[in-house]
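Shown next, in structure tokens, is the structure this report addresses.
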Amino acid sequence: MIMSRIEARRDEDTVAAGSLVDRLLGGLPPEAVLTDPDVTASYAYDMASFCPAGSPAVVVLPRTVEQVQHVMRTATALRVPVVPQGARTGLSGAANATDGCIVLSLTKMDRILEISPVDRIAVVEPGVVNATLSRAVGEHGLYYPPDPSSWETCTIGGNIGTASGGLCCVKYGVTAEYVLGLDVVLADGRLLSTGRRTAKGVAGYDLTRLFVGSEGSLGIVVRAVLALRPKPPGQLVLAAEFASGTAACDAVCRIMAGGHVPSLLELMDRTTVRAVNAMTRMGLPESTEALLLAAFDTTDPAADLAAVGALCEAAGATRVVPAEDAAESELLLQARRMSLVALEAVTGTTMIDDVCVPRSRLGELIEGVERIAEKHRLTIGVVAHAGDGNTHPTVCFDAADPEESRRARESFDEIMALGLELGGTITGEHGVGVLKKEWLAREIGPVGVELHQAVKQVFDPLNLLNPGKLF
């Protein structure tokens, strides 16, 4: 009898899946609907560790707004959850599938619809790759600043969903500051337009900002109006070596307090420098305890670097080396971009935190992470967008070792607790997803959680959009 009940449930699931696929095919071409379990399984995860994922019933790759609307109408009619995805480069599990869901991959909606040098905007679909957009607007003498480390593969839709940042945030700000307007397909298939394409506009509530960072839980972004800037001059980079992370953080405080506006201010600790050397043979100074990279894209970057170099020396830098040209600068930046990949190669698995603290408390966070690493007998490398206090403590561990995995998770949580204790936030740019749900509740408190849930109810009363994420 028990077996017959199990078989009956399986039959019901098969029938339900068949009905779902048939309904989807009513408004989508066959090549846009993937049902092979081996194929759909490859869409189950993003790049986060310790985040569970379910088995999607189907993966859909629409190419038009109308097709996205059809998917959402079908999902609403059949009460099927929908998990929006971009390139799945996220680090919080926000794009992880749930059992029986429709995975809505937006990577095929990859057109740049407009670039306007006069209005300084670009209009794009969500599947446009960040680097592709950057190069395209560069041909018009324009600049799209947000540049996550995964910019060669991550998509604009994913950047909007997680409110991502990047290396240049210290001067130019994060994704949210460049999203002027959105077209969003709501849970029931209606199309909502928010924001504007003008330089100014304050009509109504700022629904555009509400969708930025919502991780696909309120609607499906199908078009974005993005602000652009004039393309800046090429930047020059300075590298400063320090005998301690505390001294490097002191230099960061001196630079910012001195009124300097670097286009980049990045920190790599000793563990990270050695990992990058092991992978790339770049010859970075392994004797250093912390390496600070500062860049300027001003009309006279050499003068700015000289001033910052003096501040680094005053903070105790053991060596200050300004790049002589763009080629040297790019080599140093490439080392920074390789940091997370290099740390992953140390043990094969990493948990990448993105705790953000006030710049004035950055040194305390670095010291605290060192203590946590020693306590748990783990390798934890720290790279940071030091200019805005956004750190990436990266826990390296052997996922095949249950005991080491447990210590890795505990250390990750302790780093987030330390960030909150120092007046910071649990995530500066990676989002909450599955990985930090409990910590979001701690940060925003019970009233904050209640209001978040109320907003979610307005936009998605059936809880179909990316359920189980954020809270």
Side-chain angles (χ1 to χ4, degrees), residues 16 20 23-24 27 43 46 51-54 56-60 62 65-86 90 92-106 109 126 157-163 176 179 181-195 204-224 427 431-438 440-441 444 446-471:
L20 170 61
R23 293 281 288 269
L24 290 172
Y43 287 82
D46 65 13
C51 293
V58 61
V59 174
V60 177
V65 173
E66 292 75 19
Q67 289 176 0
V68 175
Q69 290 180 283
H70 172 70
V71 172
M72 293 314 306
R73 290 179 186 126
T74 301
T76 295
L78 299 180
R79 303 300 195 262
V80 178
V82 176
V83 176
Q85 288 184 351
S92 68
N96 283 11
T98 57
D99 282 331
C101 76
I102 299 170
V103 163
L104 183 59
S105 174
L106 298 161
M109 297 181 68
N159 295 168
I160 292 171
T162 58
V179 182
L182 295 171
D183 280 359
V184 182
V185 175
L186 300 178
D188 59 7
R190 288 179 297 164
L191 183 63
L192 169 70
S193 292
T194 75
Y205 293 132
D206 192 349
L207 296 182
T208 303
R209 279 292 185 102
L210 184 61
F211 283 104
V212 178
S214 65
E215 302 184 17
S217 64
L218 301 178
I220 311 297
V221 172
V222 291
R223 186 184 69 103
T427 175
V432 175
V434 177
L435 190 61
K436 298 186 176 184
K437 286 171 59 175
E438 297 176 10
L440 176 66
I444 66 177
V447 175
V449 170
E450 181 181 340
L451 290 176
H452 274 67
Q453 291 171 337
V455 170
K456 168 74 167 173
Q457 178 69 19
V458 169
F459 283 90
D460 182 20
L462 298 177
N463 193 30
L464 298 179
L465 284 167
N466 219 5
K469 313 297 169 56
L470 288 170
F471 48 83

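We use all heavy atoms of the structure for the numbers below, so side chains are in, but hydrogens, waters and symmetry mates are not.
- The two atoms that bring Val103 and Ala97 nearest to each other are CG2-CB, 4.0 Å, heavy atoms only.
- To the nearest 0.5 Å, atoms CG (Leu191) and CG (Leu186) are separated by 8.0 Å.
- Side-chain N or O atoms of His70 include none that pairs as donor or acceptor with a backbone N or O of Gly189 at under 3.5 Å.
- Remark: side-chain polar atoms of Asp460 are paired, donor with acceptor, to backbone N or O of Leu465 under 3.5 angstrom.
- Between Glu450 atom CD and Ile444 atom CD1 the span is 11.0 Å, to the nearest 0.5 Å.
- Judged by distance alone, the side chain of Glu215 and the main-chain N or O of Val432 form a donor-acceptor pair under 3.5 Å.
- Summarising the geometry of Ala57 relative to Gly100, their closest heavy-atom pair is CB-O, 3.6 Å, with the distance given to 0.1 Å.
- Smallest separation of non-hydrogen atoms from Val434 and Gly468: CG2-O, 4.4 Å.
- Residues meeting the salt bridge (Lys or Arg N to Asp or Glu O under 4.0 Å) test with Arg223, sequence neighbours left out: Asp183.
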May I have the list of side-chain donor-acceptor pairs in residues 76-84 shorter than 3.5 Å, sequence neighbours left out?
residue: Thr76; atom: OG1; partner: Met72; partner atom: O; Å: 3.0
residue: Thr76; atom: OG1; partner: Ala187; partner atom: O; Å: 2.6
residue: Arg79; atom: NH1; partner: Thr76; partner atom: O; Å: 2.5

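- Take Asp188 and apply the salt bridge (Lys or Arg N to Asp or Glu O under 4.0 Å) test, not counting sequence neighbours, and it matches Arg190.
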* **Residue pair Val65, Val185: steps toward the side chain to side chain contact (heavy atoms under 4.5 Å, CB included) verdict** => CA-CA 8 Å; Val65 173; Val185 175; 4.3 Å; yes

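- Side chain of Lys456 to backbone of Ser217: a donor-acceptor contact under 3.5 angstrom is found.
- Note that the OG1 atom of Thr98 and the CG atom of Asn466 stand 7.5 Å from one another [nearest 0.5 Å].
- Shown here for Asp46 and Ala95, the closest heavy-atom pair between the two residues is OD2-N, 3.6 Å.
- Tyr43 is linked by a ring pair (Phe, Tyr, Trp, His ring centres under 6.0 Å) to nothing, counting only residues two or more places apart in sequence or in another chain.
- Contacts of Lys436 classified as salt bridge (Lys or Arg N to Asp or Glu O under 4.0 Å), with partners at least two apart in sequence or in another chain: Asp353, Asp354.
- Nearest heavy atom pair, residue Val71 against residue Val60, reads CG2-CG1, 3.8 Å.
- Proximity of a side-chain donor or acceptor of Asn96 to a complementary backbone N or O of Cys51 within less than 3.5 Å is detected.
- Within the 4.5 Å cutoff, the side chain of His452 has no heavy atoms near those of the Leu470 side chain.
- In this structure, CZ on Arg23 lies 12.0 Å from CZ on Arg73, to the nearest 0.5 angstrom.
- For Thr208, the side chain to side chain donor-acceptor pair (under 3.5 Å) partners two or more places apart in sequence, or in a different chain, are Thr194.
- Contact of the Phe459 side chain with the Val184 side chain is not registered, since no non-hydrogen atoms from C-beta on lie closer than 4.5 Å.
- The two residues Ser105 and Pro62 have their closest heavy-atom pair at O-CD, 3.3 Å.
- Considering only heavy atoms from C-beta on, Val68 comes within 4.5 Å of Met109 through its side chain.
- How far CZ of Phe471 is from CG of Leu440: 8.0 Å, rounded to the nearest 0.5 Å.
- Counting heavy atoms of neighbouring residues, nucleotides and ligands inside a 6.0 Å radius, atom CD of Glu438 does not exceed 12 of them.
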